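Report on the following structure.
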Amino acid sequence: MIATMKNIVKRYGDTLALDHLNLNVVEGEILGLLGSNGAGKTTAIRTLCGLIDADSGEATVLGHKQSVRNLEARRDIGLVTQEITVFKDLNATENLQYFGGLYGLRGAELAANVKEMLEFVGLTDRAKKRPGTFSGGMQRRLNIACALVHKPKLVIMDEPTVGIDPQSRNHILESVKDIAKNGTTVIYTTHYMEEVQAICDRISIMDSGRVIAEGSLEELVGRIQHEQKVFMTAIAPSDVLTTDIKAISGVKHVEAIGNQYIITSATGSGNVSRIMEIAGRHGGVSSFTEEKPNLEAVFLTLTGKKLRDDGEV
């Protein structure tokens, strides 16, 4: 494990932000950390980065016990904050030089890393421009570059695509995948389910200060998804077709409105091919779609909440 959190407890007055939180981060993975506002994600990130101390429990990063006093444990961490934390009165190159210098980079190594990061986030042509002249997406990309300039082994990205255009979002998501391909471990938090589904190897879902479920998307869906729906447009709808589909083992319900069929059956029953076969014997279909289970349904089922809301703890 590149990082662990064991039985972490953190209170802010009467508010219990982390309630015996356990979290393991596997080297080389992109871990999606999901939780509605108030679930404790930000507190968990701050604890793992050594920005705050837990009241009890233990956090480790690369074998180092993490705390606000342990600078060694922070050297191999890059933190992409939700807020833009670059300096507006420094140009892009100067920002990268400053943040690289904080981690002890000097001379040729610093210059090489700065050049590489500008290329990586697509800002080489903006190297001498100040962030105030950048679009929101460009500022986000510079923010990421500043967190990566020292080439950390663990990168924590807290809502890195908030409020940006789709093109910049896609650029950032591709960058995250490239980071992981190069061997860097990523913890990724977002309020956009589609981002997690697109890039994360594993997902941990937090609620009320603890992890309540974790696994791959397929594993999480398998825990709650017991039914699947098929939407079919029949060329020759009939009562006989409806009856034959209902007779398929595992089919729970068939709703037919004109030539439109909505068929509910047990997940994993293999009924899609059977439905198509029977429909083919009754004139065929003009359209056919299968409802795919998604992460949003998993999250809502497990937490009883929607992911997007206001007021993070």
Side-chain angles (χ1 to χ4, degrees), residues 1-10 18-35 39-51 54 57-67 70 72-82 120 144 147-148 150-161 172-207 209-224 294-295 298-299 302-303 307:
M1 298 294 172
I2 197 168
T4 63
M5 303 181 79
K6 296 180 180 179
N7 293 315
I8 298 290
V9 175
K10 181 64 180 179
L18 298 179
D19 182 11
H20 297 87
L21 171 68
N22 290 290
L23 180 70
N24 294 318
V25 186
V26 179
E27 185 173 0
E29 74 175 351
I30 303 176
L31 174 67
L33 186 61
L34 291 182
K41 301 188 309 297
T42 297
T43 300
I45 288 171
R46 290 172 179 166
T47 304
L48 194 60
C49 289
L51 299 177
E58 182 176 280
T60 62
V61 178
L62 293 163
H64 298 284
K65 184 177 179 180
Q66 186 62 286
S67 74
N70 190 352
E72 187 66 28
R74 298 186 214 172
R75 293 187 187 278
D76 286 316
I77 298 177
L79 175 61
V80 180
T81 55
Q82 183 174 339
F120 181 70
I144 291 172
L148 297 176
H150 62 296
K151 297 190 176 180
K153 295 179 181 177
L154 172 64
V155 175
I156 301 173
M157 310 185 84
D158 189 11
E159 303 281 354
T161 64
I172 289 173
L173 294 179
E174 289 302 316
S175 297
V176 174
K177 290 191 284 189
D178 288 341
I179 292 167
K181 286 178 184 176
N182 292 330
T184 301
T185 305
V186 180
I187 299 175
Y188 192 91
T189 81
T190 182
H191 280 93
Y192 299 102
M193 294 286 193
E194 62 273 16
E195 293 184 1
V196 174
Q197 293 180 152
I199 67 172
C200 293
D201 303 304
R202 198 163 57 88
I203 302 160
S204 291
I205 295 176
M206 288 187 64
D207 190 40
R210 61 173 62 188
V211 172
I212 61 169
E214 61 184 2
S216 66
L217 175 61
E218 292 75 16
E219 289 168 343
L220 291 173
V221 166
R223 290 182 56 174
I224 62 97
N294 58 41
L295 188 55
V298 173
F299 189 88
L302 293 176
T303 68
L307 186 59

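Here the structure is a predicted model, which is why all the values come from computation and not from measurement.
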Problem set entry | Cationic N near anionic O, under 4.0 Å, Glu58 to Lys6 | no
Exercise. Side chains of Ser204 and Met206: does their closest heavy-atom pair fall under 4.5 Å?
Worked result: no
Problem set entry | By side-chain contact (heavy atoms from CB on, under 4.5 Å) - contacts of Leu51 (at least two apart) | Arg46, Cys49, Leu79
For this session: Find the distance between NZ (Lys151) and CG (Asn182) and round it off to the nearest 0.5 Å.
Result: 9.0 Å
Exercise. Can Val61 and Ile77 be said to form a side chain to side chain contact (heavy atoms under 4.5 Å, CB included), step by step?
Worked result: CA-CA 9 Å; Val61 178; Ile77 298 177; 3.9 Å; yes
Exercise. With sequence neighbours excluded, what pairs up with Arg74 under the salt bridge (Lys or Arg N to Asp or Glu O under 4.0 Å) test?
Worked result: none
Problem set entry | Spacing of Cys200 atom SG and Tyr188 atom OH [to the nearest 0.5 Å] | 7.5 Å
Exercise. Is there side-chain contact between Arg202 and Glu214, with at least one heavy-atom pair below 4.5 Å?
Worked result: yes
Problem set entry | With Val80, the side chain to side chain contact (heavy atoms under 4.5 Å, CB included) member among Asp158, Val176, Val155, Ile156 | Val155
Problem set entry | Steps toward side-chain hydrogen bond (donor to acceptor under 3.5 Å, both in side chains) verdict (Gln66, Thr60) | CA-CA 5 Å; Gln66 186 62 286; Thr60 62; over 6 Å; no
Problem set entry | Ile179 vs Leu148 side-chain heavy atoms within contact, under 4.5 Å | yes
Exercise. Out of Ile205, Leu217, Thr303, which residue meets the side chain to side chain contact (heavy atoms under 4.5 Å, CB included) rule with Val298?
Worked result: Ile205
For this session: Measure from the side-chain N and O atoms of Asn70 to the backbone N and O of Lys65, and report whether any donor-acceptor pair falls under 3.5 Å.
Result: yes
Exercise. Near Glu72 CD, under 6.0 Å, is it more than 12 heavy atoms from other residues, nucleotides or ligands?
Worked result: yes
For this session: Check the side chains of Thr185 and Glu29 for a donor-acceptor pair under 3.5 angstrom, ignoring hydrogens and angles.
Result: no
Seminar exercise, completed: Heavy-atom nearest pair, Asp76 first then Pro152, reads O-CB, 3.4 Å
Exercise. Between Met157 and Ile187, is any pair of side-chain heavy atoms under 4.5 Å apart?
Worked result: no
Exercise. Rounded to the nearest 0.5 Å, what separation is found between the OG1 atom of Thr4 and the CG atom of Asn24?
Worked result: 6.0 Å
Exercise. So do Lys153 and Leu62 actually touch side chain to side chain, heavy atoms under 4.5 Å?
Worked result: yes
Problem set entry | Side-chain heavy atoms of Arg210 within contact of Leu23, under 4.5 Å | no
Exercise. Of Leu31, Leu220, Leu33, which is the lone residue that meets side chain to side chain contact (heavy atoms under 4.5 Å, CB included) with Ile203?
Worked result: Leu220
Exercise. Can you name the residues that form a side-chain contact (heavy atoms from CB on, under 4.5 Å) with Ala180, not counting sequence neighbours?
Worked result: Ile30
Problem set entry | Residues which pass side-chain hydrogen bond (donor to acceptor under 3.5 Å, both in side chains) with Lys177, listed by chain and number, not counting sequence neighbours | Glu174
Exercise. Which heavy atom in Met193 sits nearest to a heavy atom in Leu34, and how many Å separate them?
Worked result: SD-CD1, 4.0 Å
Problem set entry | Closest non-hydrogen atom pair, Ala3 against Leu48 | CB-CD1, 4.2 Å
Problem set entry | Any residue meeting ring-ring contact (aromatic ring centres under 6.0 Å, His included) with His150, in chain and number order, not counting sequence neighbours | Tyr103
Exercise. Under 3.5 Å, is there a donor-acceptor pair linking the side chains of Glu159 and Tyr192?
Worked result: no
Seminar exercise, completed: Heavy-atom nearest pair, Leu18 first then Gly40, reads CD2-O, 3.5 Å
For this session: Could I get the full list of side-chain hydrogen bond (donor to acceptor under 3.5 Å, both in side chains) partners for Thr184, not counting sequence neighbours?
Result: none
For this session: Could you check if a side-chain atom of Asn22 sits within less than 4.5 angstrom of a side-chain atom of Met5, using non-hydrogen atoms only?
Result: no
